[in-house]
Amino acid sequence: MDNDFSLEMSATRDVIARELQGCNALTARFGLTLTEQEVKTLAVAHENALRDTGRIAFGGSILKKLAETFCDSPFITREAWADTLAELQDDFYYFKNDSDDRLSDDELIETMKRVFDGPAQGSLDYLSGTSLPELCRRAREDFDPTNAAVTRELF
Amino acid sequence: MENEKLLVPEGEWTAEEQLALQKKLLPLLAHRTALYAAGDTSARVETVRELLASITFTLDVGLMGAPRKTLLTTDLDALFERGGHVIDQKVEAGRLLWNAACLTAPKLESRSLQETLQSFSLFWKRYDARFFAHVFPCDIDYPLLRPVPETLLGVEYMNEYLRRVLTENAVLAAFDPERTMLLLDADSPLWRDAPANLAAPVLANAVGLAMLMKKDLRVRKLSNDDLTVLSAQLAVLTDEKATETLRLAAETVCNMANIRDAASRTYLADSASDMLLRLRRVPVEGWRGTFPEME
């Protein structure tokens with residue numbers, strides 16, 4: 001019953017595919033589009049990311065938000081777009097757990113973007129290896145991500 | 001998931017019925033999860049499981065005793081709302097029960113009882129009837145004569161625990177605290193600090209005296225000779241008859257203690273009948289574990 005609920009509550013591959021195809025119109029302005037095959041691969045990756053992190057999605061996937069937020073980054077190329085999205089998705093769900101869900105989707109994505117375009121200079125390794133673990137540690141200690149002074153200290 | 005077993009007892013539902021219920025529950029679960037996540041798009045599996053447990057508990061409360069298969073035909077949203085209202089009422093009833101339990105608590109220095117009742121004071125601050133109605137968010141250290149069934153959850157667990165405390169308080173109130181302390185000291189010198197039930201030795205002593213047809217259940221202590229007589233009395237009875245005798249003796253104690261309500265009387269009769277297993281297993285020389293020898 002457990003697994004059935006997970007599967008049925010999670011957005012289906014078709015829904016995710018439609019969401020991502022819809023995003024292409026926006027991201028194309030920055031030279032980033034996904035092929036049909038990449039869309040399918042990302043939809044499968046979404047299921048895997050949820051399973052690996054023990055989460056259930058019930059309001060669509062996070063991929064659409066990630067695509068919309070990261071598409072204007074100067075560090076992402078067309079060739080790397082799909083892989084970057086897949087890795088950002090993995091990081092997102094991992095750090096959602098690591099923060100004990102104390103960071104909202106928007107707070108986490110905004111922070112990821114700020115670090116990615118800032119100190120990480122487009123390095124996903126830097127993003128997942130330095131600032132985000134520290135941010136999550138502070139989030140678990142009730143840190144307020146909207147506090148400008150503290151976030152400056154972090155990034 | 002434990003809670004699903006509560007809602008869908010094994011053996012009573014066909015696989016098709018379980019699947020139908022699951023499908024019916026899904027939109028409600030998705031809605032409640034979205035509300036809980038407050039704008040986020042995902043939640044941990046464990047969190048969703050707990051939310052589901054809360055939903056099934058709330059629906060169960062909303063059924064108010066109606067057959068669970070009603071769930072297949074009824075509007076779950078409406079039932080969930082009704083369950084929520086009933087839970088709110090139970091939460092308020094719990095406050096009255098807690099007040100009464102504190103006011104009638106025996107004047108005995110039992111740390112575990114005091115701390116348990118104190119812990120309950122946080123219930124109304126911590127209890128989340130909207131999302132985690134099945135969770136009881138306080139610590140219980142004090143053991144009852146008979147534990148509350150694990151099938152009761154959330155506020156229902158607390159209210160039943162408090163009802164039992166009130167019944168035990170009523171038993172203790174019928175006895176002189178000085179003599180109760182002597183009995184408790186005889187039972188375990190650590191009773192003030194260790195989690196030990198206060199009513200057990202008092203009830204056992206009074207039940208034993210009632211079986212011996214003694215008139216003053218409040219004052220007299222059970223001698224070794226009394227225990228020998230009791231042992232002989234039980235030895236000739238079948239388990240069924242012996243249980244009946246213990247239950248009748250508990251009824252006598254209830255009458256003496258002026259305990260009138262049926263639930264309390266049943267609880268104490270059940271507690272008295274629990275003694276039989278120990279008395280059967282142990283020879284009469286070892287019965288002081290049940291009937292402590294007062295100084």
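Computed from a predicted structure; not experimentally measured. Here is the naming used below: chain letters follow the sequence lines, and residue numbers restart at 1 for every chain.
- The number of heavy-atom neighbours closer than 6.0 Å to CD of B:E240, taken from other residues, nucleotides and ligands shown, is 12 or below.
- One distance of note links CG of B:L26 with CZ of A:F58; it measures 12.5 Å at 0.5 Å rounding.
- When the shell of 6.0 Å around CD of A:Q21 is examined, it contains more than 12 heavy atoms from other residues, nucleotides or ligands.
- Annotation for B:F131: atom CZ counts as buried by contact number, over 12 foreign heavy atoms lying within 6.0 Å.
- Taking all atoms of both residues into account, the shortest heavy-atom contact from A:G54 to B:E46 is O-OE2, 4.2 Å.
- A:K64 NZ: 12 or fewer foreign heavy atoms inside a 6.0 Å radius.
- Heavy-atom pairs under 4.5 Å with chain B peak, among A:N97, A:T53, A:D101, at A:N97.
- The CG atom of B:D40 sits 7.5 Å away from atom CD1 of A:I62, with the distance rounded to the nearest 0.5 Å.
- Within 6.0 Å of the NZ atom in B:K24, the count of heavy atoms belonging to other residues, nucleotides or ligands exceeds 12.
- Taken to the nearest 0.5 Å, the CG atom of B:L51 stands 9.5 Å off from the CD1 atom of A:I56.
- The closest side-chain heavy-atom distance from B:R44 to A:D100 is below 4.5 Å.
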